[in-house]
Amino acid sequence: MIQDSGPGMKVLLMDKETIGIVSVAYSQSEILQKEVYLFEQIDKSANGPVMKHLKCVAFLRPSQENIQLLAAELKSPRYGVYYIYFSGIISKAAIKILAESDEQEVVREIQEFYADYFAIGPHLFSLNIEKPIHGVEWNSLSLQRSTQGLLSILLALKKNPMIRYQGFSQLARRLAESIRDTILKESSLFHFQRGESTPLLLILDRRYDPVTPLLNQWTYQAMVHELLTIKNNRVSLIGVPGAPKDMSEVLLSAEQDEFYANNMYLNFGDIGQTIKSLMDDFQTKAKSHQKVESIADMKAFVENYPQFKKMSGTVTKHVTLVGELSRLVTQNNLLEVSEAEQELVCQEEHSHSLQKIRRLVASEQVRDHDAARLVFLYAIRYNKHPNKDINSLLELLRRRGTPDRLVESVDNMVKYANTGETINSSILTSKDMTKITEKIFKGLKGVENVFTQHTPVLKDIMENLMKGRLSEEAFPVINNDNIPTRLVIQDVIIFIVGGVTHEESLAVHQFCRTNGGIRIALGGTVIHNSQSFIEDVEAAVRYSAGGNLKYPNTQPSSNSSRHAKLT
């Protein structure tokens, strides 16, 4: 976009979302190198100074609000010329409004530039939509935003896919229908040659696996998100003991941090060793920099100083992060909590798990959040066990002073999980009528590391998909026109309504590494850690209770409508 506007000083005009979309792909210093000297947010720029010597490159979401703000900007232009780019499909009516507003003819071009999503990593994207679900229905704005985001992904990757969705989920079906309808309406944009393979869009519902977002994580990236929270590839270090004063926020991007790119999927036990190697390398370079004895030494020092300074920042950043993770693990007894979680979800030892959870819930060293998570996992796993004892665990939570909202969320979590537990949601063929919870709690045999026994259900889905064993009954095709009889799957986009996790991102990374030629892009309404997931479930079920929406225990009927449910 910046190159298309040609040479000269520029201002980049964005909205709240496109600022985030750009920031995960480029650093501010990279953009400054391309003659961009000013960054403005369209809803805060109305009274800014007039600078006709600047070119304006506008990158905006095609929302009604942005169209009105941009129309006002064009009526009284503050910049010399305007190059306008929309992150998704723009309506003809919106183009007409802008054309009529451009009385001074300052607009040089308007283009659709498909980037209506947050590109978190090489195969991971998010739409940053929090609390998209009301009961078992979409929040209508969230459905529209999810449709726009996925269409933008398809257009950016030039794919006109076969669309499959999770059969038990009305949410997944409505999104699949919305995307299909828009593709038909905008058919001129989707004339991509399919070649020998057929691209696939697979829409899942978070309820198919409510366990994965509740577990402690032990790979570097997932751990940072679980314990410190990553937002648009940034981590806040405010309040972290010993963090440098100039490091209130750090960037964690595989694009811009080689150490992070190489180690983001490493287990925590291995990170310590790689951090030590990084520090040793840095100290060796630091000593060589101290020996400035000649003009040649000075010249070498000046030439290498930017890389040296960058390395210094990288070392400080990762030592601070790993140090804080280590402190939190020790302080909150997370090793023991995590071991209990893994035994609970991967092994069949009810009385042993119950005993261990009781002890941990009663421990003062365990945080309220972690105590509640253990009870959530127990309630999901054993809510139909003849000897279940959820009530005594609830009493223990109350006795320790756990906030009421977390205690109440135990029942919410069971209701949420039950909506994904239906006989038709088996992820194998229709002959295999195993309930989905039995898949959720399947451990990996022969895994030595007790903290990483669990594998997400997504791994089974990917394996069965590639073997052609993904049941059409459980995962119907919504646009089966012109689907070839011999189906070759190579490019897959998986989208999880209700949020995706870094553990699932790791599963995709590993799957693509061991299955050459398969490309999978994974995304979700948001990227969850356990806290954001609990809040999402709480919001969904609270709306369900307030609006008299009942969670169904079985698959919703295909003819049930939003209007009927809400009334």
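All values below come from the heavy atoms of this structure, side chains included, with hydrogens, waters and symmetry mates left out. Keep in mind the model is a prediction, meaning the values are calculated, not measured.
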Exercise for the section: Enter the distance from I110:CD1 to I84:CD1 here, rounded to the nearest 0.5 Å. Expected result: 4.5 Å
Exercise for the section: For Y26 and Q256, test the side chains for any donor-to-acceptor distance below 3.5 angstrom and give the result as yes or no. Expected result: no
Exercise for the section: If the plane angle is over 60° it's perpendicular, under 30° parallel, otherwise tilted; pick one for H123 and H509. Expected result: parallel
Problem - D370 and N333 side chains, donor-acceptor separation under 3.5 Å - result: no
Problem - Minimum heavy-atom distance K75-Q104, with the two atoms named - result: O-NE2, 3.9 Å
Handout entry: Sidechain-backbone polar pair: D15 side chain, T18 backbone, donor-acceptor under 3.5 Å
Key = yes
Fill in the blank from the handout: d(Q221 CD, I230 CD1) to nearest 0.5 Å is 5.5 Å
Handout entry: Which atom of T212 lies closest to which atom of Q217, heavy atoms considered
Key = O-NE2, 3.9 Å
Practice task
Determine the minimum heavy-atom distance between S23 and R234, stating which atoms define it.
Solution key: O-NH1, 3.6 Å
Handout entry: Side chain proximity check, Q510 to Y265, heavy atoms < 4.5 angstrom
Key = no
Practice task
Using a cut-off of 6.0 Å, state whether more than 12 heavy atoms not belonging to E109 lie near its atom CD.
Solution key: yes
Handout entry: Gap between atom CD of Q490 and atom CG of L200 - 0.5 Å precision
Key = 12.5 Å
Practice task
May I ask you to test the T525-I133 pair for a side-chain heavy-atom distance under 4.5 Å?
Solution key: no
Practice task
Would you confirm whether T320, through its side chain, and T316, through its main-chain N or O, come within 3.5 Å as a donor-acceptor pair?
Solution key: yes
Practice task
Please determine, by modelled atom types, if D257 and H318 share a side-chain donor-acceptor pair under 3.5 angstrom.
Solution key: yes
Problem - Short side-chain to backbone donor-acceptor contact, E35 and G8, under 3.5 Å - result: yes
Problem - Inter-residue atom distance L201.CG - M162.CE, 0.5 Å rounding - result: 10.0 Å
Exercise for the section: Would you check if the side chain of N160 reaches a backbone N or O of F190 as a donor-acceptor pair within less than 3.5 Å? Expected result: yes
Handout entry: Heavy-atom donor-acceptor pair, W218 side chain to M223 backbone, under 3.5 Å
Key = no
Exercise for the section: Using the side chain to side chain contact (heavy atoms under 4.5 Å, CB included) rule, take R206 and F533 through it: C-alpha gap first, then chi angles, then the decisive distance, then the call. Expected result: CA-CA 10 Å; R206 182 70 268 163; F533 176 62; 3.7 Å; yes
Exercise for the section: Compare all side-chain heavy atoms of E341 with those of S338 and state whether any distance is below 4.5 angstrom. Expected result: yes
Exercise for the section: Kindly indicate whether the side chain of L204, heavy atoms from C-beta on, has any atom under 4.5 Å from the side chain of I494. Expected result: yes
Problem - Within-4.5 Å side-chain heavy-atom neighbours: E40 and E73 - result: no
Exercise for the section: Report yes if the side chains of H225 and T501 come closer than 4.5 Å at any heavy-atom pair, otherwise no. Expected result: no
Problem - Side-chain donor-acceptor pair present, T219, H502, cut-off under 3.5 Å - result: no
Handout entry: Close side-chain approach of F118 and N232, heavy atoms under 4.5 Å
Key = yes
Handout entry: Backbone of V250 reached by a side-chain donor or acceptor of K317 within 3.5 Å
Key = no
Handout entry: K231/E249 salt bridge by N-O under 4.0 Å criterion
Key = no
Exercise for the section: Answer yes or no: is there an ion pair linking E100 with K96, defined by an N-O contact shorter than 4.0 Å? Expected result: yes
Handout entry: Stepwise side chain to side chain contact (heavy atoms under 4.5 Å, CB included) test for F495 and L175
Key = CA-CA 10 Å; F495 185 79; L175 179 57; 3.7 Å; yes
Exercise for the section: Give a yes or no answer on whether the side chain of Q166 reaches the backbone of D205 with a donor-acceptor pair at less than 3.5 Å. Expected result: yes
Handout entry: Salt-bridge contact K459-E463 (side-chain N to carboxylate O under 4.0 Å)
Key = yes
Handout entry: F113 and F59 aromatic ring geometry - parallel, tilted or perpendicular at 30°/60° bounds
Key = perpendicular
Problem - Heavy-atom donor-acceptor pair, S146 side chain to S142 backbone, under 3.5 Å - result: yes
Handout entry: Smallest separation among heavy atoms of P210 and R207, with atom names
Key = CD-O, 3.5 Å
Handout entry: Value rounded to 0.5 Å, distance of CG in D270 from CG in N263
Key = 9.0 Å
Problem - Criterion side chain to side chain contact (heavy atoms under 4.5 Å, CB included) on V224 and M264, from CA distance to verdict - result: CA-CA 10 Å; V224 172; M264 59 199 285; over 6 Å; no
Practice task
Check M462 against A507 and note the closest heavy-atom contact, atom names and distance.
Solution key: CE-O, 3.7 Å
Exercise for the section: Would you confirm whether S152, through its side chain, and A115, through its main-chain N or O, come within 3.5 Å as a donor-acceptor pair? Expected result: yes
Fill in the blank from the handout: Rounded to the nearest 0.5 angstrom, the CG-CD distance for N139 and E130 is 12.5 Å
Practice task
Look at atom CD of E186 and say whether more than 12 heavy atoms of other residues, nucleotides or ligands are closer to it than 6.0 Å.
Solution key: yes
Exercise for the section: Kindly indicate whether the side chain of I527, heavy atoms from C-beta on, has any atom under 4.5 Å from the side chain of L124. Expected result: yes
Handout entry: Considering all heavy atoms, the nearest A156-Y117 contact
Key = CB-OH, 3.5 Å
Problem - Derivation and outcome, side chain to side chain contact (heavy atoms under 4.5 Å, CB included), residues L334 and R367 - result: CA-CA 9 Å; L334 291 182; R367 296 179 300 180; 4.2 Å; yes
Handout entry: Any donor-acceptor N/O pair, S76 side chain to A72 backbone, under 3.5 Å
Key = no
Practice task
Run the salt-bridge test on E65 and K16 with the 4.0 Å N-O cut-off and return the result as yes or no.
Solution key: no
Handout entry: Flag if over 12 foreign heavy atoms under 6.0 Å of CD, Q331
Key = yes
